[in-house]
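The next block holds one structure in the form of structure tokens; read it before the comments.
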Amino acid sequence: FKEFKNIMIKWQEELQGKAWNSLFLGNHDQPRSVSRFGNDNPVYRETSAKMLATCIHMMQGTPYVYQGEELGMTNVYFDKLEDYRDIESINYFEEFTESGLMTPEHMMKCLMLRSRDNARTPMQWDDSTNAGFSSAPASDLYIAMDPDKDRPTAKKEMAAPDSLYHEVKKLIRIRQSHKALQSRGKITFVYAEKNAYPLAYIREAGDEKILVIINAAAEAKTFACDAEPKEAIYNFGAAAEAKNGKITVPAQSAGFYRI
């Protein structure tokens, strides 16, 4: 997440007033975002994916949601080369192992983390055959399904009121309801230290100013800030507290506040 945060800050600052940002966590050429930037362990997957979504949906530009991202779909972690379909991944494996630069075991671990096929597996709709994608035999699919028994599905996500799916919908509604949070709203970073938490910035349009604070750390963080959070528009986790020119943000929390 720290790497992702640093990249997003750079693009937000350097393109403001010059160009239009495309805000995306992943696409068909990248690994699954929660596996790449977060923690896809089932215990932390939903929280991690919500933190990423909270960050990207409030920035300047146009946010995109790649298929399955709203469910928390993860890398598939294929452990056999024959499961891969991406020509680039297969060629890299053969080139690096045949030249002796990497062992087959190490190269397979690299593909598990970075192969483009991680984002190209079928959509996971429900718990029926092939996760509802097709009734055909699994061997006839263009690529294998995620074999994880705990894999997220649209059915499970839509049924759970506090799921990632519903959180993403909520973030979209909030963005659409506040001009300061939309694409043309100004962005000013008030705490954006490299390799540190939290991330805090102000979005502004007309008379509306909103302070966005995101703390992905496992512990509370405090930073100096002249702006004082007032009405909470959104909270994930506990709310931030302001005192004597400093704001304390609870662990693994995010909030948008009028200032």
Side-chain angles (χ1 to χ4, degrees), residues 1-2 4-5 8-9 12 23-26 32-61 63-66 68-74 152 156-178 180-182 185 187 189-192 196-203 208-223 225 227-242 246-259:
F1 185 83
K2 288 180 180 177
F4 167 75
K5 175 178 72 79
M8 295 306 297
I9 291 169
Q12 289 286 296
L23 306 172
F24 61 92
L25 292 168
R32 286 288 175 179
S33 57
V34 71
S35 300
R36 183 181 184 186
F37 298 119
N39 187 333
D40 62 8
N41 182 303
V43 176
Y44 304 108
R45 181 178 62 215
E46 286 265 322
T47 297
S48 188
K50 286 177 182 179
M51 297 297 292
L52 288 167
T54 301
C55 180
I56 202 168
H57 279 275
M58 295 305 121
M59 286 189 168
Q60 192 180 61
Y64 294 82
V65 179
Y66 181 66
E69 183 181 304
E70 75 281 16
L71 309 181
M73 284 179 63
T74 68
K156 287 189 287 190
E157 287 287 307
M158 293 175 72
D162 61 346
S163 69
L164 170 63
Y165 171 81
H166 289 292
E167 201 74 13
V168 170
K169 290 182 68 175
K170 183 191 299 182
L171 291 170
I172 292 171
R173 287 195 300 269
I174 291 172
R175 180 183 176 94
Q176 292 175 339
S177 301
H178 297 274
L181 296 174
Q182 294 173 15
I187 187 168
F189 290 93
V190 295
Y191 190 85
Y197 295 120
L199 172 64
Y201 53 89
I202 294 173
R203 297 299 313 278
E208 186 178 45
K209 286 186 178 183
I210 297 175
L211 174 64
V212 177
I213 312 173
I214 302 163
N215 180 24
E219 62 280 337
K221 296 290 184 179
T222 300
F223 66 102
C225 184
E228 182 176 348
K230 296 177 182 176
E231 176 194 353
I233 298 171
Y234 168 88
N235 276 122
F236 171 66
E241 296 183 358
K246 293 184 177 182
I247 297 176
T248 299
V249 196
Q252 296 181 335
S253 68
F256 315 150
Y257 308 89
R258 294 187 191 276
I259 57 174

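All of these numbers come straight from a predicted model, not from anything done at the bench.
Counting all heavy atoms, side chain and backbone alike, Y191 lies closest to A196 at OH-CB, 4.3 Å. Taking each heavy atom of I259 and A227 in turn, the nearest pair found is CD1-CB, 3.9 Å. Summarising the geometry of E46 relative to L164, their closest heavy-atom pair is OE1-N, 2.8 Å, with the distance given to 0.1 Å. Residues L25 and A53 come closest through the heavy atom pair CD1-N, 4.4 Å. For the residue pair D40 and S35, the shortest heavy atom distance occurs at OD2-OG, 2.6 Å. The heavy-atom pair separating R45 from T74 by the smallest distance is CD-CG2, 3.6 Å.
Summarising the geometry, atom CG belonging to L181 is positioned 10.0 Å from atom CD1 belonging to I187; distances are rounded to the nearest 0.5 Å. The CD1 atom of I210 sits 8.5 Å away from atom CZ of R203, with the distance rounded to the nearest 0.5 Å. Taken to the nearest 0.5 Å, the OG atom of S253 stands 13.5 Å off from the NZ atom of K50. Atoms OG1 and CD1, from T54 and I174 in turn, are 8.5 Å apart once rounded to the nearest 0.5 Å.
The closest donor-acceptor contact from the side chain of E208 to the backbone of A180 lies under 3.5 Å. Without hydrogens or angle criteria, Q12 side chain to Q60 main chain gives a donor-acceptor distance under 3.5 Å. Checking side-chain atoms of E70 against main-chain N and O of G68 turns up a donor-acceptor pair under 3.5 Å. A donor-acceptor pair under 3.5 Å is absent between the side-chain atoms of E157 and the main chain of H166, judged by distance alone.
Considering only heavy atoms from C-beta on, H57 comes within 4.5 Å of V168 through its side chain. Within the 4.5 Å cutoff, the side chain of K170 has heavy atoms near those of the R173 side chain. In this structure, Y66 and R32 have side chains that are in contact, with non-hydrogen atoms separated by less than 4.5 Å. Annotation: side chain of E69 is in contact with side chain of S33 (closest heavy-atom distance under 4.5 Å).
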Go through it in stages, so that I can follow the logic: the residues are R175 and L171, the test is side chain to side chain contact (heavy atoms under 4.5 Å, CB included), and I'd like the CA-CA distance, side-chain angles, deciding distance and then a yes or no. CA-CA 6 Å; R175 180 183 176 94; L171 291 170; over 6 Å; no
Apply the test side chain to side chain contact (heavy atoms under 4.5 Å, CB included) to residues Y201 and M58: give CA-CA distance (whole Å), side-chain angles for both, the deciding distance (0.1 Å), then the verdict. CA-CA 10 Å; Y201 53 89; M58 295 305 121; 3.4 Å; yes
Identify each donor-acceptor pair in which a side-chain atom of residues 213-220 lies under 3.5 Å from a protein atom, sequence neighbours left out, and give them as a table.
residue : atom : partner : partner atom : Å
N215    : OD1  : A217    : N            : 3.1
N215    : ND2  : E219    : O            : 3.1
N215    : ND2  : V249    : O            : 3.4
N215    : ND2  : P250    : O            : 3.0
E219    : OE2  : K221    : NZ           : 3.1

Expected list for residues 230-242: side-chain donor-acceptor pairs under 3.5 angstrom, two or more places apart:
residue : atom : partner : partner atom : Å
E231    : OE1  : R258    : NE           : 2.8
Y234    : OH   : E167    : OE2          : 2.5
N235    : ND2  : Y257    : OH           : 2.8

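For K156, the NZ atom counts as densely surrounded, since its 6.0 Å shell holds more than 12 non-hydrogen atoms of other residues, nucleotides or ligands. Heavy atoms of other residues, nucleotides or ligands lying less than 6.0 angstrom from CZ of F4 number more than 12. Within a 6.0 Å sphere centred on OH of Y44, other residues, nucleotides and ligands contribute 12 heavy atoms or fewer.
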